[in-house]
Protein chains: 2
Amino acid sequence: MDPQGVPYTPETAAIDVEKALKMLEGRWKLLILFQLFDGGVRRFSELERAIPAVTQKMLAQQLRQLEKDGIVLRRVYPEIPPKVEYSLTRWGQSLCPALDALLTWAGKRPDGGHQT
Amino acid sequence: MDPQGVPYTPETAAIDVEKALKMLEGRWKLLILFQLFDGGVRRFSELERAIPAVTQKMLAQQLRQLEKDGIVLRRVYPEIPPKVEYSLTRWGQSLCPALDALLTWAGKRPDGGHQT
DNA sequence: CTGAATCCGGTCTGATACTG
DNA sequence: CAGTATCAGACCGGATTCAG
C-alpha cells in the first residue's frame, strides 16, 4: 500500500478515513460486526435472532455491503436446506480493537453529573 | 439513569449498545469527533475548514445532536463578532480510545490478497 | 462569525409478499 | 433457510437565503 509516489498528507489521510468510515455506516453494520466480533461464525437466521429489530432485507443488504468491502466473509454451503455462514475476513478482524473499544464505551452510561 | 430495578441482560445491553451507536451515526459525527479528539477546542469555522465537504447546515446540525447527547460541549462567548468553541465533554472523552482504534483501523489499507 | 429557515431531491428503511 | 422484489414513507444532505 501507499505507492511511493503518493505523499501522505493530512488531506489524503482524511480522505482515507472518510472512505473507511463509510464502510461502517449503516443502521445495522456495527451491530452485525459485534455479532461476528468474538471470532463468531453466524448463520443468517442467527443474526436475525440476535438483532431482533432488523428486517431480512436490511440484514441481507448490509451483509452484502460488508462483504463487498472485504470486511465480512460469506460462505455458502450448497445444501438443501441452504446454509450460509458469515464471519470476519482477515481485514475485518483488524477492526476488532475498534469494535472492542466501541463496545466498552457503549457499555458506559453518562453519569448524569455536570459535564465538563 | 439506570434505575436500580433494571436487570442487566444481554438484551438490555444490546439496546444500550444500539442507543449508544445511534449517537455516533451521521455522515459527519465521527469526522467532527476526530477533530476534537486530540484534546482540541475548535471554533465553528475551524471545523468547517477541517472538514471541507461538510455544509454549514450539517455541521451545525450534527454538532447540536452531539451536544444534546452530552458528547460535545459548546461554549459561547458573548462577543462581537460571535465566537463559539466546541470540545469534548468528560463523557465524550471516554470515546477517545474507540476513536483512536477507529483511526488506526482506517489508516490501514486492505492488502488486496485473498481474504480468509 | 455563527448560525437558523426553507426548499427540494436523493437515499435509506421498513412492511409485506414472493422464491429457490 | 436464505434470501429477492416492490412500494411508500422517513430521513438525510445540499443550496440558498436570512439574521443576530
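Below, read A as the first sequence line, B as the second, and so on, with proteins coming before strands; counting in each chain starts at 1.
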*Look at the side chain of A:P81 and decide which nucleotide, out of D:dC1, D:dG13, C:dT2, has an atom nearest to it.*
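Of all the options, the side chain of A:P81 is nearest to D:dC1.
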*A:V84, nearest nucleotide to its side chain (from C:dT13, C:dG3, D:dG3)*: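 Looking only at heavy atoms from C-beta outward on A:V84, the closest nucleotide is D:dG3.
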*Tell me the side chain to side chain donor-acceptor pair (under 3.5 Å) pairs involving residues 75-84 of chain B, sequence neighbours left out?*
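Applying side chain to side chain donor-acceptor pair (under 3.5 Å) to every pair that reaches into residues 75-84 of chain B, excluding sequence neighbours, yields B:Y77-B:E85.
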Whole-Å distance between [N] [atom2] and [X] [atom1]?
X: A:R27; N: D:dA10; atom1: CZ; atom2: P; answer: 16 Å
X: A:K29; N: C:dC12; atom1: NZ; atom2: C1'; answer: 11 Å
X: B:E46; N: C:dG3; atom1: CD; atom2: P; answer: 12 Å
X: B:L59; N: D:dG13; atom1: CG; atom2: C1'; answer: 13 Å
X: A:E48; N: D:dG3; atom1: CD; atom2: C1'; answer: 9 Å
X: A:E79; N: D:dG3; atom1: CD; atom2: C1'; answer: 16 Å
X: B:Q61; N: D:dG13; atom1: CD; atom2: P; answer: 7 Å
X: A:K83; N: D:dC1; atom1: NZ; atom2: P; answer: 13 Å

*Pick base, sugar-phosphate or nothing for A:Y86, based on heavy-atom distances below 4.0 Å to the nucleic acid.*
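Since only primed, P, OP1 and OP2 atoms lie under 4.0 Å of A:Y86, the category is sugar-phosphate.
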Is there a side-chain contact between [X] and the phosphate of [N], meaning an N or O under 4.0 Å from OP1 or OP2?
X: A:R74; N: D:dG3; answer: yes
X: B:R43; N: C:dC1; answer: no
X: B:Q62; N: D:dC12; answer: no
X: B:R64; N: C:dA4; answer: yes

*Dump the intermediate steps for side-chain hydrogen bond (donor to acceptor under 3.5 Å, both in side chains) on A:R74 and A:Y86, then the final yes or no.*
CA-CA 5 Å; A:R74 178 171 184 258; A:Y86 295 91; 3.3 Å; yes
*Test applied, side chain to side chain contact (heavy atoms under 4.5 Å, CB included); reference residue, B:W28; option that passes from B:L63, B:L59, B:V54*: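 Of all the options given, the one that passes is B:V54.
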Just to verify, what does [X] make a side-chain hydrogen bond (donor to acceptor under 3.5 Å, both in side chains) with, not counting sequence neighbours?
X: B:S94; answer: A:W105
X: A:R27; answer: none
X: B:Q56; answer: none
X: A:Q61; answer: none

*Where protein sits on nucleotides 15-20 of chain C, one letter per nucleotide: B base, S sugar-phosphate only, - none, heavy atoms under 4.0 Å*: B-B--B
